[in-house]
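Note on naming: letters A, B, ... go to the chains in the order of the sequence lines (proteins, then strands), and numbering restarts at 1 for each one.
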Protein chains: 2
Amino acid sequence: MDDDVPLILTLDDSGSGASAPLDDLDREELPNENGGSYDVINDASSPAAGDCCAQQSSARHNWEMNYQEAAIYLQEGENNDKFFTHPKNAKALAAYLFAHNHLFYLMELSTALLLLLLSLCEAPAVPMLRLGIFVHATLELFALIVVVFELSMKMRWLGFQTFIRHKRTMVKTCVLFVQFIEAIVVLVRQTSHVRITRALRCIFLVDCRYCGAVRRNLRQIFQSLPPFIDILLLLLFFMVIFAILGFYLFSPNHSDPYFNTLENSLVNLFVLLTTSNFPDVMMPSYARNPWSCVFFIVYLSIELYFIMNLLLAVVFDTFNDIEKRKFKSLLLHKRTAIQHAYRLLITKQRPSGISFKHFEGLLRFYKPRMCARERYLTFKALNQSNTPLVSLKDFYNFYEVVGLKWKAKRNREHWFDDLPRTAFLIFKGINILVKSRVFQYTMYTVVAVNGIWILVETFMLQGGNFFSRNVPWSYIVFLTIYGVELLLKTTGLGPVEYLSSGWNLFDFSVTLFAFLGLMALAFNMEPFYFIVVLRPLQLLRLFKLKKRYRNVLDTMFELFPRMASLGLTLLIFYYCFAIVGMEFFAGVVYPNCCNTSTVADSYRWVNHTVGNKTVVEEGYYYLNNFDNILNSFVTLFELTVVNDWYIIMEGVTSQTTHWSRLYFMIFYIVTMVVMTIIVAFILDAFVFRMNYTRKNQDSEEDNGIVLEKEISKEEVVGIIELYKRSSAATETAQLQKIVLQMDKYGQMSTLFLGRRSRTKSDLSMKMYEEEIQEWYEEHSRKEESQTPLQEPASASNSSLKPLSLRQRSQTVI
Amino acid sequence: MDDDVPLILTLDDSGSGASAPLDDLDREELPNENGGSYDVINDASSPAAGDCCAQQSSARHNWEMNYQEAAIYLQEGENNDKFFTHPKNAKALAAYLFAHNHLFYLMELSTALLLLLLSLCEAPAVPMLRLGIFVHATLELFALIVVVFELSMKMRWLGFQTFIRHKRTMVKTCVLFVQFIEAIVVLVRQTSHVRITRALRCIFLVDCRYCGAVRRNLRQIFQSLPPFIDILLLLLFFMVIFAILGFYLFSPNHSDPYFNTLENSLVNLFVLLTTSNFPDVMMPSYARNPWSCVFFIVYLSIELYFIMNLLLAVVFDTFNDIEKRKFKSLLLHKRTAIQHAYRLLITKQRPSGISFKHFEGLLRFYKPRMCARERYLTFKALNQSNTPLVSLKDFYNFYEVVGLKWKAKRNREHWFDDLPRTAFLIFKGINILVKSRVFQYTMYTVVAVNGIWILVETFMLQGGNFFSRNVPWSYIVFLTIYGVELLLKTTGLGPVEYLSSGWNLFDFSVTLFAFLGLMALAFNMEPFYFIVVLRPLQLLRLFKLKKRYRNVLDTMFELFPRMASLGLTLLIFYYCFAIVGMEFFAGVVYPNCCNTSTVADSYRWVNHTVGNKTVVEEGYYYLNNFDNILNSFVTLFELTVVNDWYIIMEGVTSQTTHWSRLYFMIFYIVTMVVMTIIVAFILDAFVFRMNYTRKNQDSEEDNGIVLEKEISKEEVVGIIELYKRSSAATETAQLQKIVLQMDKYGQMSTLFLGRRSRTKSDLSMKMYEEEIQEWYEEHSRKEESQTPLQEPASASNSSLKPLSLRQRSQTVI
């Protein structure tokens, strides 16, 4: 009958279920709670579960269920998973747990990567990595089978109905199907056919749990598209008008190859939009009539300087708007998740808050790695009132608090405080020296001198034997100074404090590299000589001097994860285009391939003799090809940079058909979209940050969220008791250590500091402070209006009902 | 003694001066004011003017003085002139009036333009405009003498002390001095020496009254510089580090000409920053080792995609901030000006407001062209209360109201309402047709079909005889349709209403041009054939269809003045660089000039025979030279577009010295600054506009400020009486006409509509609505704190004292 005990906790007494008082067991577990009523689970039978039976199951088991479900809710809130995929029954829970752990995620990721990396070895393969068709087709089939397995696991969790309705998963299934058939065909025919569908492999990567950021980026790109396309049409429209004008104006000039047909006119104006052919396209007509430059100046002013910036403005604006809406919906989603979780953790007797026992149970599922001390500190940090319960209002801060890393605040100021007097004085002296302004500025001067030295030295070299056997003395001198600085700082501050600063870490690694470089020089190890070359990086330290740079660098670090995900998004587009490019253009360009085209020079490779010297005339552009995926990536990067891209386009076009240009033009437009979004993102992030700094000029110095909490000895002892009853040995041992520590220093309490780095979400919280309150009110009003009248006490009840676990089986641990 | 009558009007009764009641005269002048006390000027002797005498001057004369001074204050407020240049005495007033009228401004502008245009004719002159040295030197001398005259007039107005302290004027004087000496030297030696100082001629243009927008732009650019320079340093720093790295990594490769010395390495990385040499600079090392592309990808990612965007972000942010601060200071300045003016217009007896008589006197000086009706309407529009006086609070709206153009609201709906019945019905029918959706969409379809037709037609031509004698029939058909549409619309709406819409005006002119083109074709007038080419412009009408485009176009028109001033600013930079370029690089590039350099191909001009055909191999880059100022401008535009700019740079460098590169690099950085600001401006304007639209979605349709005021017949008659007494014949006649009009239609009152287009300032007013109130409060608090305690009644008194007219002479009209 275990499976039939319903676990929804209703907040009001009008619940139709029978109440199961958890008496002695619980009472014994929480002895240090100061009196009052004890936790009781109120088993309200859900309307669906008709076969409600007598309570036999242990209440403890029920609580475990609740903890787990609450943890799942909180995870869904954090990951922005929709609640309709919340496991609805015990079977679903098992499936959910199977498909939601890092092992499964890693499997997903590695199969996706394997599939993507296969293109290194397939048909137009990188020479060193070429594999037989049989090998790579088998590998592919294997990977696809794993994907099938993953998908079926997902279906088991979601149920067929939801699975069918989930768009992304359906697309993935279709792609999988196609890939499967094609892989089998390849294996049977033992030859690769034109497989453009390989470009779709990206979807396996995009669908990975770890690539959530990429999915969000893609969504944001698609959301920005409508206004983007509007302006793009304006751009193309003017281009067509000018192409017609240009054709009429310049085609009478027969020495002008750029406007002799309407098609050429169009293509050249498209290229002119990217400025790639700029003065050249103007020159023949300009040579004939100087006033023809007006046409080009007007065209560029309208298209490049006006409409292209308009494009940026529109995307920036849309981006801004989407960012805010996204933040809002994420915030409200998290809030709802917290409400769901809260309702599962409170008891009927004390509906006003969560006790530590239940909070600890939640954290055991939500963050299994957290130690007992941290769990208690998190609880204390949440608890704003003096009662032993965390109210819903306090619990709303869950996500902000749970990320904090807690550390006991050092009683000892320095690491050398315990050393004997003489040593203490010496180290204290070093400490003061190291922290002094004079020392810092001396080091800056040294770095600056070093910079100038390197510059002058390099300038004097002028090519030739600069990796001579003898190490330059200046190198040794500067390295010695850096070494001494490093030593002083490490001893003065203590290694832990020294390395806790990012800048010091940077200094440390650069100095280490420089030492390695010195070794390499001294022992003449050729392959490592490049380390020497990293010396100038020391100069970056100079940028600590100015506040604006510190700000920029801080923002850069804050942005880094997002930038990386945007980069990855770009790479996914690259991958698609690389595959298509390889299928169509592999092997079409080679030295001297395009002697009949207008860009012949760039592909010419002549080896002729002038006098008695062999002159090699190399037009290197044949290197920009689609012969394998790595080359394709480099070629696509060159196309992204845009300069001289038409040479690559014309080279390929001259070897294939006119229609190849479409590929290049579409690629240009796609990268333009992505690049505009990246620019908009950087703009938005920095402008936002600068506004934030301007708004909070006083509280600017601390870069990170810091919380302080004091724990008394009695509290620790109390928790130890609690853990002892639930026979959690490791936790007990951990906490005992704290008590010992306190005893050692004769303290009655210890101060703990919780720290985490500030995220964009924190900044947004502060920036939109006022609006957030409005959102909350609006949100709860909306929910209230959905709630039936007979349940006035539970504000967010109605949306919860269908989502909680109704049935549980023994499969759950 | 006339000159000694002080005219400061103090608001409180504690003024130390004697009061001069203006009795009968004034009483007679304002007969329709409903009783009460009459206007009196309170002559408070200023502390400085010790020789205060008995009142002999006529009060009327004093009032005229006050009107004029108030008008000057309001003008200063509008033009953002500082109040310390306010004329302090009657002599100064005369000088002020001499230097502040359109004649003087035009003289300023034309001498500045003359000086600038002289460079068309000087030494490296445009061939057609070459003038003898004697001629252009004499012209220059003449222009400079005029500038001397202008400056002395300005000094007369400002006084020597202020003149010396005014930076811009001092710089101008110095430049003038140098130019003078140089012009004389040229005239004496009869040969032009190296005159880089000609680049400074711009300052004469910048200093013009009409170029206020350019001055503001320049100020904004300079204000944006500090953060810009910070990030620029970061950019250059990374460039140096990468240059050193690149030199170490790639100089062992002897086939790589880009990194063989540190200087080359630096220059090529600078050029790479502009992407101009992109795939080329990578190719030699890429050919040797494919992984070397990582260096370039990292460099471009950091420099081009990150730091350059950061630059934009920083400039955009600064720009935003400056715009807001500028708006604030301008707003407060205007407010102060209004306060100053107000204090000069109220009377002792009625300090609570300005009567129409005095308001009318003010407008006579402030806007002499305004007719009597408009003056009264402006007064009524300002007057929010029902009293006959305009209070200070109402008077604050002065600038918003004074720009309105007033028109009697039409009683007749259509222009054909007075026609006989049959004609009326016909025209009414046309009117309904023209305004119908069906008609509009039919026309859009026609335009679209026309567009496709033109495209297909042009595509079919494929070069050759497209300007044949016989006019294509499609041209005639479409033109006929457009003609009929134009005719229908003009008759249906009436010509005035038809042409009042910008879009109709556009249609009209394009159709007119098309007709002219048809004529040109029919009569075979070669020089006009380009008009035919304008046909596709009709297609622009299609953009009326979508709201976003209408928005974009509206914003474009709103931005246009500002864009033009930014363009002019850019041209001023161009001028400076063009002069410097001409002095140093005139004549250095010519066909085949640079055969020893790396860019030889682009300058090669060979005329060789292959078989029996003459092949001309033309590298046109020799056309991008500094041989005269027009060529220089085109070359500089090419440098602005950036693509392939290094070919121009290397060409010039190979003919001169390495240091020439500095010129090109500095130009790049300067245009980068200006261009970034232009981009920031466009971004700011559009984002602002879009935010505004989002905020005011309901009141969006009306594009313009509209006010409605009703005037009754009695009022008009009253005003006529007033004017009759002051024997203003023209005003009386004007007003009489209105009365006649009213009589004709038997109305007791007429409704007038005041209209003006919306400016950025209006948008800002609405956007910052809440903040503006804070600014006002803060501002008045600040002023109060500066005011001595004994004058609590006049809030903005202290700042006024030293500024008003103390002495007047008979020179004043």
Side-chain angles (χ1 to χ4, degrees), chain A residues 227 230 234 237 240-241 244-245 247-249 251 260-262 275-276 278-279 283-284 286-287 293 297 300 305-306 309-310 312-314 316-317 454-455 458-459 462-463 466 530 533 536-537 539 543 546 548-549 552 620-621 623-624 634 637-638 641-644 678-679 682-683 686-687 690, chain B residues 227 230 234 237 240-241 244-245 247-249 251 260-262 275-276 278-280 283-284 286-287 293 297 300 305-306 309-310 312-314 316-317 454-455 458-459 462-463 466 530 533 536-537 539 543 546 548-549 552 620 623-624 634 637-638 641-644 678-679 682-683 686-687 690:
Chain A
D230 282 346
L234 196 69
F237 177 78
V240 171
I241 286 191
I244 295 172
L245 282 180
F247 172 69
Y248 277 120
L249 288 173
S251 61
N260 52 1
T261 67
L262 187 62
T275 74
S276 261
F278 175 50
M283 281 304 154
Y286 184 56
C293 68
I297 292 176
L300 283 173
Y305 294 120
F306 186 73
N309 289 328
L310 187 61
L312 180 60
V314 169
F316 176 64
D317 184 63
I454 290 172
L455 209 64
T458 317
F459 191 74
Q462 298 296 19
F466 38 80
F530 70 91
V533 145
L537 286 183
L539 300 182
F543 283 100
K546 191 148 183 175
R548 192 188 304 279
Y549 294 125
V552 164
Y620 287 104
Y621 275 76
L623 289 170
N624 303 322
V634 175
F637 180 75
E638 285 167 16
V641 175
V642 159
N643 192 66
D644 281 352
I678 290 181
V679 174
I682 295 181
L683 265 183
F686 274 90
V687 170
M690 282 181 262
Chain B
D230 282 347
L234 197 69
F237 178 78
V240 171
I241 286 191
I244 295 172
L245 283 178
F247 173 68
Y248 278 118
L249 289 171
S251 61
N260 53 2
T261 66
L262 187 62
T275 74
S276 260
F278 175 51
D280 307 283
M283 281 303 153
Y286 185 57
C293 68
I297 292 175
L300 282 174
Y305 293 120
F306 185 74
N309 289 329
L310 186 61
L312 179 62
V314 168
F316 176 63
D317 183 65
I454 291 173
L455 208 64
T458 318
F459 191 74
Q462 297 297 22
F466 38 80
F530 70 91
V533 144
L537 285 183
L539 301 181
F543 283 100
K546 191 149 186 176
R548 193 189 304 281
Y549 295 127
V552 164
Y620 287 104
L623 290 170
N624 303 323
V634 175
F637 180 75
E638 286 168 15
V641 176
V642 160
N643 193 64
D644 282 352
I678 290 181
V679 174
I682 296 180
L683 266 183
F686 275 91
V687 170
M690 283 181 261

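Interface remark: Leu300(A) contributes side-chain atoms only to the contact with chain B (heavy atom separation under 4.5 Å). Val240(A) touches chain B through its side chain: at least one heavy atom from C-beta onward sits under 4.5 Å away, while N, CA, C and O do not. Interface residue Tyr305(A): backbone and side-chain heavy atoms are both found under 4.5 Å from chain B. Proximity to chain B is absent for every atom of Ile678(A), based on heavy atoms less than 4.5 angstrom apart.
Counting heavy atoms from C-beta on, the side chains of Asp317(A) and Phe686(B) never come closer than 4.5 Å. By the 4.5 Å heavy-atom criterion applied to side chains, Phe278(B) and Asp644(A) are not counted as neighbours. Side-chain atoms of Asn309(B) and Leu683(A), non-hydrogen and from C-beta on, never get closer than 4.5 Å to each other.
Counting heavy-atom pairs under 4.5 Å between each of Leu312(B), Val641(B), Asn624(B), Val687(B) and chain A puts Val641(B) at the top. Considering only heavy-atom pairs separated by less than 4.5 Å from chain B, the leading option among Asp230(A), Leu234(A), Val634(A), Thr275(A) is Asp230(A).
A distance-only check finds no donor-acceptor pair linking the side chain of Tyr621(A) to the backbone of Met283(B) [under 3.5 Å].
One finds the CD1 atom of Ile682(B) at 8.0 Å from the CG atom of Leu310(A) (value rounded to the nearest 0.5 Å).
Two rings, from Phe316(A) and Phe316(B), have their centers less than 6.0 Å apart.
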